[in-house]
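One structure below.
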Protein chains: 2
Amino acid sequence: MSAISITSESTEMYLKSIAELEMLATPPVAISHLAQRLGVSSPSVLEMVKRLAAQNLVTHTPYKGVSLTDSGRRRAMAVLRRHRLWERFLVDTLQLPWESVHDYACQLEHATAPAVTDALAAFLDNPTTCPHGNPIPDAAGAVPPNRTIPLLELAVGQSARLENIIYEEAILLEYLARRGFLPGVQLTLEDIAPYQGPLMVRVSGFDHPAALGREIAARIFVVPTE
Amino acid sequence: MSAISITSESTEMYLKSIAELEMLATPPVAISHLAQRLGVSSPSVLEMVKRLAAQNLVTHTPYKGVSLTDSGRRRAMAVLRRHRLWERFLVDTLQLPWESVHDYACQLEHATAPAVTDALAAFLDNPTTCPHGNPIPDAAGAVPPNRTIPLLELAVGQSARLENIIYEEAILLEYLARRGFLPGVQLTLEDIAPYQGPLMVRVSGFDHPAALGREIAARIFVVPTE
DNA sequence: AATCATAATTAGGATACCCTAATTTAAGGA
DNA sequence: TCCTTAAATTAGGGTATCCTAATTATGATT
Ligand SMILES: [Mn+2]
Ligand SMILES: [Mn+2]
Ligand SMILES: [Mn+2]
Ligand SMILES: [Mn+2]
């Protein structure tokens with residue numbers, strides 16, 4: 001039991017990505033989705049998934065997809081915890097730009113010993129969310145239940161508070177930051193263009209509403225107000 | 001010119017180790033010394049050295065050894081800078097144990113973007129030495145000239161101030177920390193046993209002198225007092 | 001100058017990840 | 001039920017990094 005289990009950076013990124021994709025759609029996660037998220041080919045993913053399955057980190061159902069095992073989920077949550085703690089540190093302590101820290105944290109998350117993670121969490125006073133609003137798993141890997149809905153599901157005319165932005169990528173974050181879409185802001189869905197058109201969303205304090213594609217609106221989570 | 005040059009963790013560790021070995025003895029660095037330091041076999045080192053030479057990071061003289069090129073040295077110094085900045089952070093900010101941080105920093109040093117390095121240095125107020133007394137290269141890779149001598153070269157009866165400890169390894173550091181050998185302490189070489197025997201060194205404030213092997217005494221650098 | 005020990009090098013393999021080009025399977029629509 | 005298409009899988013390679021077991025070169029010693 002409890003083999004030495006060296007977790008490579010690659011392994012950690014696979015597990016983290018599977019965890020993120022599992023939260024979005026109903027598992028199992030399709031090989032092709034994983035491939036797209038990780039930026040590698042499907043055959044590469046399949047091969048890696050077989051390696052992960054051999055280590056009991058995921059379950060692979062041929063032609064269906066992958067799911068994390070308990071052990072795999074624990075590892076994934078540990079990576080997510082380190083990632084989001086580092087993001088907090090980079091924004092709050094080092095004052096690096098909100099839209100850049102995701103990429104920096106994606107490197108640090110694989111190079112952080114447990115003692116460092118613990119000390120960092122203590123130094124930051126055990127924060128519960130990352131700068132993009134996403135929950136930081138606790139030391140046991142648990143996250144509070146999610147009470148948010150995608151901006152995409154808001155009714156026209158409805159107002160809401162922006163909670164979190166998922167699928168953090170520098171380009172998306174920079175785009176959103178420039179338009180005021182930051183966790184905590186108040187916004188109103190003013191209109192939705194037909195035929196899968198964009199959503200017109202006004203951020204409180206901005207003169208004009210922003211036009212957000214559905215792809216983006218599905219990545220922004222909100223809590224409706226009143 | 002200036003290819004994208006992805007520097008792997010392995011490459012960085014080779015360059016850093018070569019730099020450290022170059023500071024100790026007269027270059028070039030022997031393949032077997034590098035192998036021992038890195039904990040890999042000589043054929044592996046030779047193979048890697050050829051790869052590094054092909055990237056113009058080192059020069060290899062067959063049957064003699066390796067030396068860093070200017071480009072290689074720049075990379076090595078950048079790694080050393082990140083390493084020692086992280087050590088300061090881990091000790092000063094996160095308050096992790098002096099003897100443990102070297103190993104943690106050895107992971108972080110390969111996962112730190114330039115913007116993070118710069119912000120970290122600024123946050124720490126541009127420190128000039130690591131917790132073990134070794135100089136932190138500046139952003140350009142320069143280190144101040146070394147004015148210290150190995151404890152091994154002290155004359156019997158002479159007193160000195162401990163400046164830095166090189167070849168940081170958790171076991172050595174723990175051993176020294178327990179006996180009071182920390183940068184800044186005052187010590188006196190009381191005796192040297194003949195036939196390559198140990199050095200009897202008293203740390204100011206300690207009742208009994210400690211017996212240090214020559215191997216260890218060569219890794220402790222001091223500045224003689226009066 | 002012959003000998004020896006040590007270090008360096010060569011030879012032959014292994015593993016983790018990644019790729020492109022086939023080929024096969026699954027699942028929905030005709 | 002048959003067809004079509006997209007997704008999954010197999011086949012065949014490639015590179016970086018590591019290893020052990022020879023073999024060979026160097027430099028010091030007789
Ligand atoms: Mn990452
Ligand atoms: Mn985040
Ligand atoms: Mn390292
Ligand atoms: Mn140090």
Side-chain angles (χ1 to χ4, degrees), chain A residues 3-18 21-22 24-67 72 75 79 106-107 109-111, chain B residues 3-18 21-22 24-67 72 75 79 106-107 109-111:
Chain A
I4 310 118
S5 83
I6 309 103
T7 312
S8 67
E9 168 168 348
S10 189
T11 293
E12 292 191 340
M13 286 306 283
Y14 272 83
L15 295 177
K16 188 178 82 157
S17 300
I18 296 168
L21 290 169
E22 277 188 346
L24 263 199
T26 45
V29 174
I31 297 288
S32 51
H33 289 163
L34 242 191
Q36 198 199 1
R37 185 118 179 80
L38 289 163
V40 299
S41 71
S42 282
S44 296
V45 170
L46 187 63
E47 190 182 37
M48 183 58 147
V49 158
K50 285 175 177 167
R51 266 194 296 269
L52 296 175
Q55 295 174 262
N56 254 293
L57 295 170
V58 303
T59 308
H60 178 226
T61 311
Y63 295 101
K64 294 285 187 249
V66 249
S67 303
R75 302 267 191 102
V79 180
C106 195
Q107 297 183 256
E109 67 190 354
H110 312 291
Chain B
I4 309 119
S5 82
I6 308 103
T7 312
S8 67
E9 168 168 348
S10 189
T11 294
E12 291 191 342
M13 285 306 284
Y14 273 83
L15 296 177
K16 188 178 83 159
S17 301
I18 295 168
L21 291 170
E22 277 188 345
L24 263 199
T26 43
V29 174
I31 298 288
S32 52
H33 288 165
L34 241 192
Q36 198 200 0
R37 186 117 178 82
L38 288 164
V40 299
S41 70
S42 282
S44 296
V45 169
L46 187 63
E47 192 181 35
M48 183 57 146
V49 159
K50 285 174 178 168
R51 267 195 296 270
L52 297 175
Q55 295 174 262
N56 255 292
L57 295 169
V58 304
T59 308
H60 178 226
T61 312
Y63 294 101
K64 294 285 188 253
V66 249
S67 303
R75 302 268 190 100
V79 179
C106 195
Q107 297 183 255
E109 67 191 353
H110 312 292

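Any value given below was found using the heavy atoms of this structure, including those in side chains, with hydrogens, waters and symmetry copies removed. Throughout, protein chains are lettered first and strands after them, A, B, ... in sequence-line order, and every chain is numbered starting at 1. Predicted model, so just to flag it, every value in this text is computed and none were measured.
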Please tell me if A:H60 has a side-chain N or O lying less than 4.0 Å from either OP1 or OP2 of D:dA8. no
Could you tell me how far apart A:L34 (CG) and C:dC18 (P) are, to the nearest whole angstrom? 12 Å
Rounding to an integer number of Å, can you tell me how far A:K64 NZ sits from C:dA26 P? 7 Å
Counting any heavy atom closer than 4.0 Å, what does A:P43 reach on the DNA or RNA strands: base, sugar-phosphate only, or nothing? base
From OH of B:Y63 across to P of D:dT26 the rounded distance in Å is 6 Å
Between atom CG in A:L57 and atom P in C:dA16, what is the gap in whole Å? 13 Å
Mind checking whether A:V40 and A:Y14 have side chains closer than 4.5 Å, heavy atoms only? yes
I need the CG-P distance between B:L52 and D:dA16, as an integer number of Å. 11 Å
Output the single nucleotide from D:dA16, C:dA16, C:dT9 whose closest atom is nearest the side chain of A:R51. C:dA16
If the cut-off is 4.0 Å, is A:Y14 near the phosphate of C:dA16, judged by side-chain N/O to OP1 or OP2? no
For B:I31, which contact category applies under a 4.0 Å heavy-atom criterion: base, sugar-phosphate, or nothing? sugar-phosphate
Just how far, in rounded Å, is P of C:dA22 from CG of A:L46? 19 Å
Side-chain contact, heavy-atom cut-off 4.5 Å: B:K16 with B:R75? no
Residue mapping more 5' on DNA chain C - nearest nucleotide basis, A:S10 or B:K50: B:K50
Report the distance from atom CD of A:E9 to atom C1' of C:dC17, rounded to the nearest whole Å. 12 Å
Nearest to side-chain heavy atoms of A:M48, which nucleotide of C:dT20, D:dC18, C:dC17: C:dC17
Less than 4.5 Å apart, side chain to side chain, heavy atoms only: is that true for B:R37 and B:H33? no
Whole-Å distance between C:dT15 C1' and B:E47 CD? 13 Å
Which part of the nucleic acid, if any, lies within reach of B:S32 when heavy atoms closer than 4.0 Å are counted: base, sugar-phosphate only, or nothing? sugar-phosphate
Using OP1 and OP2 only, check whether a side-chain N or O of A:S8 sits under 4.0 Å from C:dC17. yes
Should B:S17 and B:L38 count as side-chain neighbours, where that means a heavy-atom distance under 4.5 Å? yes
Counting only side-chain N and O atoms of B:S44, is one of them less than 4.0 Å from OP1 or OP2 of D:dC19? yes
Side-chain atoms of B:S41 come closest, of D:dT20, C:dC18, D:dA8, to D:dT20
Closest approach of B:P27 to B:E22 (non-hydrogen atoms, all atoms of both residues): CG-CG, 4.0 Å
